[in-house]
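Just the heavy atoms: all of them, side chains too, but no hydrogens, waters or symmetry mates, feed the values below. Numbering of ligands and ligand atoms starts at 1, following listing order. Residue numbers run from 1 in the order of the sequence given.
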Amino acid sequence: MNAQALAKRDAVGETVEEAISHTIPSPAAPISGNSQWEKVAGRLRAQFGEATFRSWLKPIEFSGLRSGTVSLAVPTRFMREWVQTHYQDALLRAWQTEDATVRAVDVFVKPAAFDKGRQITPNVPPSSSAPMVEDIPVQPATYASRPAIHVVDAADTPSSIQLDPRFTFDNFVVGKPNELAYAAARRVAESNSVSPGGNPLFLYGGVGLGKTHLMHAIAQHIRVTNPRRRVLYLSAEKFMYEFIRSLRDKNTMEFKEQFRSVDVLMVDDVQFISGKDSTQEEFFHTFNALVDQNKQVVISGDRSPSDLDGIEERVRSRLGWGLVVDVHATTYELRLGILQSKVEKLGASVPREVLEFLAHRITSNVRELEGALNRVVAHSTLVGHGIDLESTGHVLRDLIRANDRKVTVEDIQRKVAEHFNIKLADMYSARRSRMVARPRQVAMFLAKRLTTLSLPEIGRKFGGKDHTTVMHAVKRIEELCLEDPHIREDVDLLERLMQS
Ligand code: ADP
Ligand code: MG
């Protein structure tokens with residue numbers, strides 16, 4: 001990374017080039033070999049793991065790309081031999097996925113670059129002693145073409161600026177709660193034009209349910225299948241940083257152009273701009289400009305457009321014009337599916353009962369679920385024991401406790417209906433026969449006791465009952481527990497079940 005870029009990083013935590021790396025270049029106008037190298041390096045890191053990457057691949061410096069041959073510099077002869085024997089094929093393959101015109105990879109020794117430029121590698125064209133000169137077509141001012149930007153630094157981590165290679169459609173497990181979101185994301189990724197009624201696509205839902213995963217998947221799918229489409233993915237926070245910087249540097253025109261020249265703009269976590277008026281304003285204009293030009297826009301948020309507080313009414317309503325899709329909380333089946341797919345990828349051997357236990361107990365979000373599985377697998381590797389229920393419970397005791405506090409009304413309704421052998425629908429129905437009314441009261445009682453919801457909120461979850469109905473139910477069950485040991489046993493048992 002050069003000094004200028006380094007200074008930029010200090011100012012805002014992340015450099016422009018990092019945002020740009022999410023811009024997928026067209027093959028007719030490759031943004032530069034350097035930025036391709038960043039992508040290739042990201043792939044190799046994912047493929048070989050951090051340790052190998054650090055030892056052998058990170059020290060490689062991109063030197064040039066000409067006539068289908070990529071030149072890479074390494075600091076020593078030993079490294080050249082090692083890289084050639086172990087990684088040459090992988091390098092070529094990874095490069096070809098970025099740029100199909102690449103035919104060969106040439107590794108040469110270039111000690112000087114590493115002697116003087118270990119910390120700060122100036123972003124100058126390779127010296128004449130280097131066999132090739134980088135071949136960058138001149139383009140109008142767009143993110144993709146600012147020459148000072150594309151730096152490769154031996155001491156930097158190129159993959160920190162990558163789209164997460166794990167976040168692909170293939171790795172996304174589809175179930176009832178996310179099937180619509182998945183289908184909508186696929187449609188954006190697969191169609192070359194904007195789908196009518198689908199612009200913008202607004203994905204919303206709680207933390208860790210796969211919104212970012214789907215957005216990265218769209219970008220990666222387009223990169224592979226239609227590299228001519230320019231895709232820009234960034235967080236709303238990043239959008240703000242870039243905007244503020246453009247104000248400071250007095251180049252807002254450039255900022256506007258950069259955003260408006262893409263085919264697909266994806267802005268993640270839009271709730272971030274709530275209350276930030278000038279950023280909102282700029283976002284609104286960018287957004288309108290793209291939609292008016294019939295460019296695809298994909299937005300994610302933690303709630304639906306109409307529920308976004310601190311966002312101007314006109315922006316909210318505009319966000320809701322296209323397709324608004326809710327990514328719902330996971331179900332047990334989906335969690336189990338995700339765990340199974342993850343176990344396969346890890347190549348780990350985890351007993352089914354442990355997976356069921358995890359799917360049952362870690363209900364908050366997929367990120368935690370994955371984290372739990374990783375912890376269990378890592379622990380077993382460390383201590384050299386197989387994985388069983390007991391060790392799992394032990395390793396995850398803190399997580400499980402945290403998840404236990406989040407009993408939902410839906411869980412309660414399901415468990416109670418199962419227990420009394422009535423239909424789940426009767427939890428919401430208006431039927432008054434004692435056969436269903438009593439279990440429903442038990443469920444209301446437990447909802448009051450085990451969740452933080454108010455009486456009216458609980459009433460709504462039971463098919464829109466009045467809060468006085470809930471209050472009556474709670475009182476009634478309290479009384480019955482005192483009078484009737486059978487009911488009390490039932491209630492105690494259910495309560496324990498819900499918390500276990
Ligand atoms: P969000 O952006 O909604 O907060 P993320 O997309 O960051 O959530 O997802 C959190 C983690 O869970 C990621 O590692 C992601 O890969 C994983 N994940 C979420 N949903 C799924 C799914 N349906 N299949 C596979 N992995 C998923
Ligand atoms: Mg996210």
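The Mg ion (ligand 2) has Thr212 OG1 as protein N, O or S atoms under 2.8 Å away.
Side-chain polar atoms of Glu344 and Gln340 form no donor-acceptor pair below 3.5 angstrom. For the residue pair His285 and Glu281, a side-chain donor N or O sits within less than 3.5 Å of a side-chain acceptor on the partner. Between the side chains of Arg245 and Tyr241, no donor-acceptor pair is found at a separation under 3.5 Å. Between the side chains of Ser274 and Gln271, not a single donor N or O lies within less than 3.5 Å of an accepting N or O. Asp269 and Ser235 are not linked by any side-chain donor-acceptor pair at a separation below 3.5 angstrom, with hydrogens and angles left out of the test.
Of all heavy-atom pairs between Arg375 and Val395, the closest is NH2-O, 3.0 Å. Scanning both residues, Ala184 and Leu323, for their nearest heavy atoms gives CB-CD2, 3.8 Å.
Ion pairing between a basic and an acidic side chain is recognised when a charged N comes within 4.0 Å of a carboxylate O; Glu418 and Lys415 show no such pairing. No salt bridge links Arg228 with Asp263; every basic N to acidic carboxylate O contact stays at or beyond 4.0 Å.
Protein neighbours of ligand 1 below 4.0 Å, counting non-hydrogen atoms: Phe167, Asn171, Phe172, Val173, Asn178, Gly206, Val207, Gly208, Leu209, Gly210, Lys211, Thr212, His213, Ile338, Val366, Arg367, Glu370.
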